[in-house]
**Q** 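Below is the structure I would like to discuss, written out as structure tokens.
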Number of protein chains: 2
Amino acid sequence: MTARTSSDGDFDRPILTVDVVLMTLLEGHLSVVLAPRAIDPFKGKPALLGGYVRVNSDADADATVARVLSEKAKLKEVYVEQLRTFSGRKRDPRGWSASIAYIALLPLERLEQAAAGLVLKPADNPGNLPFDHNAIVGAARDRLRTKGAYSTLPARLLPPTFTLPEMQQVYEAVIGERLDQSSFRRKIAELGALEPIPGETRRSVTVRRPAQLYRLAAPITLFDKRL
Amino acid sequence: MTARTSSDGDFDRPILTVDVVLMTLLEGHLSVVLAPRAIDPFKGKPALLGGYVRVNSDADADATVARVLSEKAKLKEVYVEQLRTFSGRKRDPRGWSASIAYIALLPLERLEQAAAGLVLKPADNPGNLPFDHNAIVGAARDRLRTKGAYSTLPARLLPPTFTLPEMQQVYEAVIGERLDQSSFRRKIAELGALEPIPGETRRSVTVRRPAQLYRLAAPITLFDKRL
DNA sequence: CCAAAAGTGTTAGACTTACACCCATGG
DNA sequence: CCATGGGTGTAAGTCTAACACTTTTGG
């Protein structure tokens, strides 16, 4: 039951890759970051950031993801979490393959430090993507929408410090519905997920009353009610 | 960037397997089904049901899972859902490997039709398992506990038809807390997840008033509040 | 002092919890 | 006709959505 080196046998090892659905918020719309494929198949076509697992350099699939984000987008320390694995004989023309799909979130500002050549597409309609990348993007979008209403996950679309109005806008964009300001604040406060940064405030673009700055108190928090 | 046949290269393909955390309810306690390993490493030790992905016979990883359940436990048409993928250089002594982990649920009765030699262990304390199987069981248990409070998932631990008292017992075992009978029934009714089977009832073991039999109306339903 | 956005308070109504109660059955 | 578990009703208390209101700022 060890792997063989011949081809076309039942004991051939499948291809193993990772694919990252890197998302951000652009003008209130959830968007996916795509990169033109460097190699065949589908060379030149915009696709998810992905790559082969390298058994010598990558300790595990999380390490592969970090490497891919670094190599293809020049990004480090992005928030990532595993989505699920897509597999099968038909998803890749090169043969039976499995791709461990990840969700990654970052604030728009950070994309400016990223590699050139990246493309931003609406997560709801990213166009026709190669492989099963449309299904992967769909699953990522659904997961963020669902989990977003029950966790501090959407905060990962914000910079390290942010105001409550900013945070509310992000939640509204992710969940896709308007939230009552008063209720939103009450719930966030109850959860104790945020800590104010004393004395620090920020004005919005149209300069009005400055808002208190906050940061996340805990890395990620799950609630047991919707926001 | 194609796979090579030589060993120890960065482009070697990793091992790809599936592991199934098959769970049932035994005397009110969530339990995992283990099987003694047929091959080395850890030959003879109880471990999760698992096996290599076979690129010729298995259309995708779901098919591998169905095959593994059929071959190792003589079970067909068991409810399964993907958990997540565990990967890395160190989890298997044979080298870099990825295992797509699945949760599978079935009622205790069905285990009687299963293969001999299977072992049932408490999900909370399955003993010392090989590979990272303790971590996988832990993740499966957590997922079932969390998702259980928000979905009809625990109903997959019941036979196709069941009574409301039976269902309530299952939820109490999975979530780990007592539920108010009246509230439980109201919530289940609101969700419309069950349909009564007209005229059909079942007596409990200690023969008293017979209870109405129900079946699931939809395959799986997610709620937006806890039960 | 006005406009606009940040932030707080209040109240009607919805929802739940906790418990009491009624019902059906076998012995 | 009683014991037991299935099944239903309800009142007190809690929670929340919705909206009105106050505060802070720049011009």
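Each chain gets a letter, A, B and so on, in the order the sequences are listed, and its residues count up from 1.
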**Q** Picking from D:dG7, C:dC19, C:dG7, which would you name as closest to the side chain of B:L164?
**A**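 The answer is D:dG7.
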
**Q** What integer distance in Å separates B:D180:CG from C:dC15:P?
**A**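 The distance from CG of B:D180 to P of C:dC15 comes to 18 Å, rounded to the nearest Å.
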
**Q** What integer distance in Å separates A:R178:CZ from D:dA18:C1'?
**A**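 In whole Å, D:dA18 C1' and A:R178 CZ are 15 Å from each other.
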
**Q** For B:Q168 and D:dG5, what is the distance between atoms CD and C1' respectively, to the nearest whole Å?
**A**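 Distance check: B:Q168 CD to D:dG5 C1' gives 12 Å.
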
**Q** If you check the B:K187 side chain, which of D:dA17, C:dT17, D:dC19 turns out closest?
**A**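 Nearest to the side chain of B:K187 among the choices is C:dT17.
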
**Q** Expressed in angstrom and rounded to an integer, what is the separation of A:I188 atom CD1 from C:dA6 atom P?
**A**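 Going from CD1 in A:I188 over to P in C:dA6 covers 15 Å.
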
**Q** Distance from A:T161 atom OG1 to A:L216 atom CG, nearest 0.5 Å?
**A**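 These two atoms lie 10.5 Å from each other.
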
**Q** Measure distances between side-chain N and O atoms of A:S182 and base N and O atoms of C:dG7, and say whether any donor-acceptor pair falls under 3.5 Å.
**A**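 Side chain to base: no pair present.
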
**Q** Can you check the A:R185 CZ to C:dA5 P distance for me, whole Å?
**A**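 Going from CZ in A:R185 over to P in C:dA5 covers 14 Å.
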
**Q** Both B:Q181 and B:E190 contact DNA chain C. Taking the nearest nucleotide for each, which residue is further toward the 5' end?
**A**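 Going by which nucleotide is closer to the 5' end, it is B:E190.
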
**Q** From the list D:dG6, C:dG26, D:dT25, which nucleotide is the closest neighbour of the side chain of B:R208?
**A**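 For the B:R208 side chain, the nearest candidate turns out to be C:dG26.
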
**Q** Can you identify which nucleotide, out of C:dG7, D:dA18, D:dG5, has its nearest atom closest to the A:A211 side chain?
**A**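 Among the listed nucleotides, the one closest to the side chain of A:A211 is C:dG7.
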
**Q** With DNA chain D as reference, determine whether B:T163 or A:S183 sits nearer its 5' end, using the nearest nucleotide of each.
**A**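 Result: B:T163.
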
**Q** Rounded to the Å, how far apart are A:E177 CD and D:dA17 P?
**A**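 It is 10 Å, rounded to the nearest whole Å.
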
**Q** Using whole Å, report how far CZ of A:F184 lies from P of C:dA6.
**A**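 In whole Å, C:dA6 P and A:F184 CZ are 12 Å from each other.
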
**Q** Any chance you could measure B:K187, atom NZ, to B:Y171, atom OH, to the nearest 0.5 Å?
**A**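 These two atoms lie 11.5 Å from each other.
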
**Q** Tell me whether the NZ or CZ atom of A:R186 lies within the 45° cone about the ring axis of A:F184 and under 6.0 Å from its centre.
**A**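 Cation-pi check for A:R186 and A:F184: fails.
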
**Q** CG of B:L179 versus P of C:dC19: gap in Å, rounded?
**A**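 Those two atoms, CG and P, are 15 Å apart.
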
**Q** Within 45 degrees of the ring normal and closer than 6.0 Å to the centroid, is that where the cationic atom of A:R226 sits relative to A:F223?
**A**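 Judged by the rule, A:R226 and A:F223 form no cation-pi pair.
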
**Q** Between the side chains of A:E81 and A:R156, is the shortest nitrogen-to-carboxylate-oxygen separation below 4.0 Å, so that they form an ion pair?
**A**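 Salt bridge: no.
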
**Q** Is there a donor and acceptor pair, one atom on the side chain of A:R209 and one on the base of D:dT23, closer than 3.5 Å?
**A**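 Yes, a donor-acceptor pair under 3.5 Å.
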
